[in-house]
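Okay, structure first, notes after.
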Amino acid sequence: MEQEMNRPRIIVTGGAGFIGSHTAVALSEAGYRPVIIDDLRNSHESVISSMEDILQSPLEWHRVDCGDKAGMSAVFSEPVAGAIHFAADKAVGESVANPEKYFDNNIGGTARFVSLLREHNVPHLVFSSSCTVYGEAQQLPVTESAPLLPAASPYGFTKQACEFLLQSTHAAAEGKLGMAILRYFNPVGAHPSAKIGELPLGPPSNLVPFLTQAVSGLRGPLTVFGDDYPTPDGTCIRDYLHVCDLAEAHVAALKWLEKNPSSIDTFNLGTGKGTSVKEVVASFQRSTGLQVPHQMGARRPGDVAAIYADPSKATQQLGWTSKRTLDTCLADAWRWQKQMGAE
Ligand code: UD1
């Protein structure tokens, strides 16, 4: 127990969410003490006990909005060595229908949380950004120095705005708050134990959870959104990476901040490999032996034709690289779907 108390305490906002839960597990395995902050508006309490089951040890968690100053005071009553900020809304379509929600929760929530970090002298922040900040990138693979093009959705704009907010806060904090801004490409898969994974509330809008639900019979066939794009097979290209690889990148980013305490830098997190929607379907069929019921459909508004990462900066500076294959991602996503059953 004493050993546990000596571990650096790291706040993980959105720690019951998809990427947050996998990251909390990776942090604990790397010798940190994750402190889960989640008000469960978009996640389930059962995720906490599933994480504890994987780790075989209890986790500190607080059911609170990370921007709630009074509610967060208990979290800061013990020293905090760093924070990873995931808590945000991420449905592109919903952000178009309800932009105010996205501005308030994603931008306002980040501003409120960061001011708490400054007030309590927390030295390190890792931020959850997205490749969406690049829009329709002109050059592939995309590097961190690519221009940020006008956002295609309010969601995308909130990620750009948060990056700008953090750059400004970093300058204002005069070296007291180091930051790593991580631009994720497409996180997929699930923990190999199948105890945690993606838990979309309602019909999923992302490809892999829709696909696994279609295979399990929970949904009708998967619609491939467009096969007339200027790509080799006509379907959109993305860079899919395993959520456990992504989780490990957050540990690497914290270690980078420990060595570069007053820095701020931005890192692409992807595999470097572009995969089309049709290739995802083929990979799923190959790795599970199951057919994916699917049909071709119209393009989805707001989709870019192709984007994939140049992750070499993360490799060089963070010492991180993605290790798991797409077949592994999809086999793990399927194992997770199966254990959830038809509910
Ligand atoms: C987008 C954002 C990403 C963000 C994520 C949050 C971009 C480039 N990416 O991911 O930054 O974090 O939303 O939700 O803006 N597809 C189908 N049928 C489906 C669902 C998806 O064909 O039923 C296709 C899409 O057209 C796309 C690919 O699958 O080509 C991946 O889609 P999705 O999983 O929704 O992720 P992005 O839109 O790439």
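Scope of the values below: all heavy atoms of this structure, side chains included, with no hydrogens, waters or symmetry mates. All values reported here derive from a predicted model rather than from experimental measurement. Remember, it's 1-based here, ligands and their atoms both numbered in the order they're listed.
Protein heavy atom nearest atom 36 (O) of ligand 1, with residue, atom name and distance: N186 ND2, 3.2 Å. Looking from atom 15 (O) of ligand 1 to the surrounding protein, the closest heavy atom is T132 OG1, 3.1 Å. The nearest heavy-atom contact from the protein to atom 33 (P) of ligand 1 is N206 ND2, 3.4 Å. For atom 3 (C) of ligand 1, the nearest protein heavy atom (residue, atom name, distance) is S130 OG, 3.6 Å. Among all non-hydrogen protein atoms, the one lying nearest atom 34 (O) of ligand 1 is L207 N, 2.8 Å. For atom 9 (N) of ligand 1, the closest non-hydrogen atom on the protein side is C131 SG, 4.2 Å. Protein heavy atom nearest atom 35 (O) of ligand 1, with residue, atom name and distance: R300 NH2, 2.9 Å. In this structure, atom 18 (N) of ligand 1 lies nearest to the protein heavy atom T223 O, 2.7 Å.
Atoms of ligand 1 lying under 4.0 Å from any heavy atom of R238, numbered from 1 in the order shown and given with element: 27 (C), 30 (O), 37 (P), 39 (O). Atoms of ligand 1 lying under 4.0 Å from any heavy atom of V224, numbered from 1 in the order shown and given with element: 22 (O). Close contacts between ligand 1 and C236 involve ligand atoms 30 (O) [criterion: under 4.0 Å to a heavy atom]. Near S205, with a cut-off below 4.0 Å to any heavy atom, the atoms of ligand 1 are 20 (C), 35 (O). Counting the atoms of ligand 1 from 1 in the order shown, those under 4.0 Å from a heavy atom of K90 are 6 (C), 14 (O). Near L222, meaning under 4.0 Å from one of its heavy atoms, ligand 1 places the atoms 18 (N), 19 (C), 23 (O). Those atoms of ligand 1 that come under 4.0 Å of a heavy atom in V277, given as number and element, are 22 (O), 24 (C), 29 (O), 30 (O).
Residue contacts with ligand 1, taken as heavy atom pairs separated by less than 4.0 Å, involve V92 solely via side-chain atoms from C-beta onward. Contacts between V208 and ligand 1 below 4.0 angstrom, taking non-hydrogen atoms only, are absent altogether. With a 4.0 Å heavy-atom cut-off, ligand 1 is reached by the side chain of Y155 but not by its N, CA, C or O. If you look at D303 next to ligand 1, the close heavy atoms, those under 4.0 Å, all belong to the side chain. With a 4.0 Å heavy-atom cut-off, ligand 1 is reached by no atom of T235. Contacts between A152 and ligand 1, counted as non-hydrogen atom pairs separated by less than 4.0 Å, are absent for every part of the residue. Under 4.0 Å from ligand 1, the heavy atoms of Y240 that appear belong solely to its side chain.
E144 and R183 are not joined by a salt bridge, as no carboxylate oxygen comes within less than 4.0 angstrom of a charged side-chain nitrogen. Ion pair R324/E248 flagged as a salt bridge, since at least one NZ, NE, NH1 or NH2 atom sits closer than 4.0 Å to an Asp/Glu carboxylate oxygen. We find that R41 and D89 are not joined by a salt bridge, their nearest charged nitrogen and carboxylate oxygen being 4.0 Å or further apart. Classification of K90 and E198 as a salt-bridged pair holds, one side-chain N sitting under 4.0 Å from a carboxylate O. Looking at K195 and D53, a side-chain N of the basic residue comes within less than 4.0 Å of a carboxylate O on the acidic one, giving a salt bridge.
Residue Y229 places no heavy atom under 4.0 Å from ligand 1. Ligand 1 has no atom lying under 4.0 Å from any heavy atom of Y134.
W334 CH2 to L330 CG: the interatomic distance, rounded to the nearest 0.5 Å, is 11.5 Å. Between the OG1 atom in T271 and the CG atom in L246 there is a gap of 12.0 Å [rounded to 0.5 Å].
Here atom 16 (N) of ligand 1 lies nearest to F225 when heavy atoms of F225, F210, F185, Y308 are compared.
Remark: ligand 1 and Y184 share no N or O pair separated by less than 3.5 Å (distance only, no angle test).
Using the six-membered ring where Trp is involved, F267 and W256 have ring planes that are perpendicular, over 60° apart on the 30 and 60° scheme.
Judged purely by atom type and a 3.5 angstrom limit, S21 has no side-chain atom pairing as donor or acceptor with the backbone of A16. Judged purely by atom type and a 3.5 angstrom limit, N106 has no side-chain atom pairing as donor or acceptor with the backbone of Y155. Remark: side-chain polar atoms of K313 are paired, donor with acceptor, to backbone N or O of T266 under 3.5 angstrom.
Of all non-hydrogen atoms in Q285 and Q291, the two that sit nearest each other are OE1-OE1, 3.4 Å. The two atoms that bring A190 and C244 nearest to each other are O-SG, 4.3 Å, heavy atoms only.
The environment of CD in Q139 is sparse: at most 12 heavy-atom neighbours from other residues, nucleotides or ligands sit within 6.0 Å.
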### Query
Between T235 and D227, does a side-chain hydrogen bond (donor to acceptor under 3.5 Å, both in side chains) hold up when you go through it step by step?
CA-CA 4 Å; T235 66; D227 62 355; over 6 Å; no
